[in-house]
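Lettering follows sequence order; numbering is per chain, from 1. Fair warning: this is a prediction, and the values are worked out from it, not measured in the lab. Atom set for the values below is all heavy atoms of this structure, side chains included, hydrogens, waters and symmetry mates excluded.
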Amino acid sequence: MKIILAEDNELLRKSLSFFLETKGFIVDQFSNGKEALEAIKKNNYAIILTDINMPGISGMEMTQFVRKELLLDTPIIIFTSSNVEQTELDSFDIGANEFIPKPVSPSVLLIRMSRLIKKMPDIN
Amino acid sequence: MVIPIPTLEKERLEALKSYNVLDTPPEEELDNIIKLASYICQAPIAMLSLIDEKRQWYKSKIGLELEESCREASFCQYTIMSNELLEIPDTISSDIFRKIPLDNSYPAIRFYAGIPLTTFQGHNIGTLCINDIKPKTLTEEQKRSLSILAKQIMAILEIRNRNYVIKLKNQKILSLIKTQQLIFDGANYSIIFTDTEGKIKKINKACLSLLEYQKEEIRGISSPILFLDESELAKRAAYLSEKLGKTIDASFEALVGKARLDNQADANEWTFISKTGNKIPVWLSVTCIFDIEDTIVGYLIVAEDYRFKKEAEAEFIKAKKIAEQAVAMKDNFLANMSHEIRTPLNAIIGFTDLLADSTLNHTQQEYVGNVKTAGENLLLIVNDILDLSKIESGKLIIDIQPFDVKNTLKHVYNLLNVKAKEKQLEFNLFLDADLPDMVSGDKGRLNQILVNLAGNAIKFTKEGEVYIVVKKVKETEETVTLEFCVKDTGIGISNDKLETIFERFSQGEVSTTRNFGGTGLGLSICKQLIDLQNGDLHVKSKLGSGSKFYFSIAYEKVSQPTLIVPKLETPVVKQKLSILLCEDNPINQRLVLKVMQGFGFDLDIAHNGQEGIDLLCKKRYDLILMDLEMPKKDGYQTTIYIREFLKSKIPIIAMTAHSLVGERQNCYDIGMNGYVTKPFRQSDLLNQIQEVMSNSAHQAKPYIDINHIDIDASFRVEKINLSYLKDLSSGSPDFEIEMMEMFILRVATDMELLEKAIQNKTYRTVKSLAHGLKSSLSLFQLNKSVEYLSQLEGEAVQMLDNNEGELTEVVLIGFEILKRKLVDTSEYLTQLLITDYSNIAS
């Protein structure tokens, strides 16, 4: 199952990718939104994971683009930081499916992902 | 004997000369006519004679061996007197003959007939004459024949002359051409003549050899632009196109266009390309060549091989660079030496002072006194030398500050009075009543000058008096000019030495050094110091009577008297202070420690700037003594850090062995409050401390003690937690190692960048870096630190929104704490990698 992760912090990106790969996912990682969008245009991803803040395009803009321009209904999970932006996000619906605050708990992530993805590999 | 002279004889002689016939070899044509004359007249002797000033010279003759004869002894002298044929049928019965003196070489002539040879202008330059040894008469036809022959002779002479003149002219022309060719080929400039199209008409040897072509190879080469560098030609074409406003191709026109349009020589640098492809830089000049009607018929191109000059230029630039480097090195050397010399000197003087204050017996006191004097003298000499070097390399600045004139002068007086009293001299200071209280200028240098001049005066006076007189001589709106005069009744200076007295090392008298000591630099320094303040040092002296040195300096008036910093007369220990010393040199450390303890102050010592900052964060100090030259973080950087980053207003006094240009101002600019040079006097240091402390009393903010600050510094004690990492790693140690190593590296880099961003107030960067760091730290469960970073991020966002403001002190202190904490954390992780993970091969 191919998924895409957009996160600009190298440590976090590599950690999450590593973790998800051990769970059987194929992870395409990107550190900025523009490149991620390019990849989304070209490939078919089962789920999109993105940080809220990134150089280039923000997580929210990316979500809007995917929904409105690419007209995809791929599930999107946005990682948020415990910050002011959280409250703003709550207030309007941009088309993302889930918001998970950082630091992202691995087990929570997996559960949320499984709920969203139609087909799921065996977690165990 | 009257010699018949024709009228216009001078002109006649000139006419004769103009035929260029005298003393020339016989010519066939004329010989033939003479023969004909002889034959027609049936006479054995016939001549073509030419009469010059004194002689009768025969161009052509027959029946005669002579070349010439005396004019006086000739018939022809008479013949030329008229335009008619002169016939003497029998010389015996001739009056004329009788007049002629006998000439034995002359054959016995009985018959003479001569007809003048007349030029177009009517001058008779000579005759055609017939002689015979027997008397005879000529028939009319014969006479007519002679007449015709005479005309013929003239015609021949005319043509002959014309040819001769032409020949001369040709010779001259050939000679000129040859010379021209010699010049052309001999010149070592390259010379090319072209026609208007650019075809090479002439090219000289020098050019051929420069371009490595043979003459034959050039024939056929249409234009000199083939020897030029294409890109240069193109560049020139473009330049001309722009300048002249019309398109010019990279053709011959680009080479000559400007010369033609300006109608003057156009000289530029070009590169010739030789046959073998050598690139030769040349200085090439193009001129137009005109004909008589001012039409251009071609161009003259002269090119000089520029290589040598370019090499010379390069050499020169190199030499200049070396010279500049040498000067820079010398200045550096000077600055370094200044430090190197003063540092141990500082120790010597300082410890000697301390020694002098300790309990000593009489002999020891004496010895210490000697060492002290020697040390002080050495200091004076060193200062003199360094001053002079500084002045000469233009690095000495005049420090303009308000100061009290009268006090300064009194100080000088008091200082020197001791010596004057010892020598029982009368020593007086006369101050004008209307001297201003305060002026703006360099107090220290004025002091130096007066001490030097008055010191000299005292030194060189055995008995009598020394005066210092100061008066106001001029006043404008902004300045006041004071004249200083030092008079003595000393040994004086002889007239011939007066001129050189201000030069280095001259002391007027060779024995002076021996008898009076001194480096001989003092007057030179005084003069230059006075020069730097736009004054002029003068001297009047009489040998055996005394001397007078005087100069004037225009000082700026001081506008606000309240700018004066109150000066304390006697050092009095006021309170017990807690002082931090940042100084790397152990000897200096010990020295300051002793001195401070002597004052009753507490002193903590940091070996460098970073240590100083660490200590500052841990303990409360009243004052910092900051050495400027320290390794790692030097005095400047440390001060900037304390002022900008810690936002502390703690008083800082700079201590330096350097005395570089503008250094003092630099220190004040970055926030230091005081300044002492090493070696320092205890009293100087104490004064500075007093001043600085009293000033800061008004401004000092309560010092922030990080330990007691009311922020949630619980993150300081927060420990790293690997459980989250391990969750993600799913038990892969390689992954864990990779993540830990990445953490150590990234965090260090990010914190450095963040620190810089905070210092530079680039809040956007602060925000993004803080944000990024949060993710990294959260991976290792440093959640409190993450909270702090959120706080920092939030404030940065506020700065960006409001476009103004400053980060709060709480946040800044927090950053300091975080910085140290992360260093500790990284160290911990490094350790962990070694202990727990090293047995895992990766």
Between B:Ser732, B:Ser775, B:Ser768, who has the most heavy-atom pairs with chain A when the cutoff is under 4.5 Å? B:Ser775

Salt bridge check: are B:Glu793 and B:Lys774 linked by an N-O gap of less than 4.0 Å? yes

Which atoms of B:Glu738 come close to chain A, meaning under 4.5 Å heavy atom to heavy atom: side chain ones, backbone ones, both, or neither? side chain

I need the single residue from B:Ile744, B:Leu777, B:Asp750, B:Ile720 that forms a side-chain contact (heavy atoms from CB on, under 4.5 Å) with B:Leu822. Which is it? B:Leu777

Taking the six-membered ring for Trp, are B:Phe815 and B:Phe645 parallel (under 30°), tilted (30 to 60°) or perpendicular (over 60°)? perpendicular

Chain B contact via A:Ser105 - which portion, at a heavy-atom distance below 4.5 Å: backbone

Apply side-chain contact (heavy atoms from CB on, under 4.5 Å) to residues B:Leu818 and B:Leu773 and explain how you reach the verdict. CA-CA 11 Å; B:Leu818 180 65; B:Leu773 267 169; 5.6 Å; no

For A:Ser15, is it the side chain, the backbone, both or neither that has a heavy atom under 4.5 Å from a heavy atom of chain B? both

Let me know if B:Leu728 has heavy atoms under 4.5 Å from chain A in its side chain, its backbone, both or neither. both

So, for B:Phe780 and B:Phe743, is the gap between ring centers shorter than 6.0 Å? yes

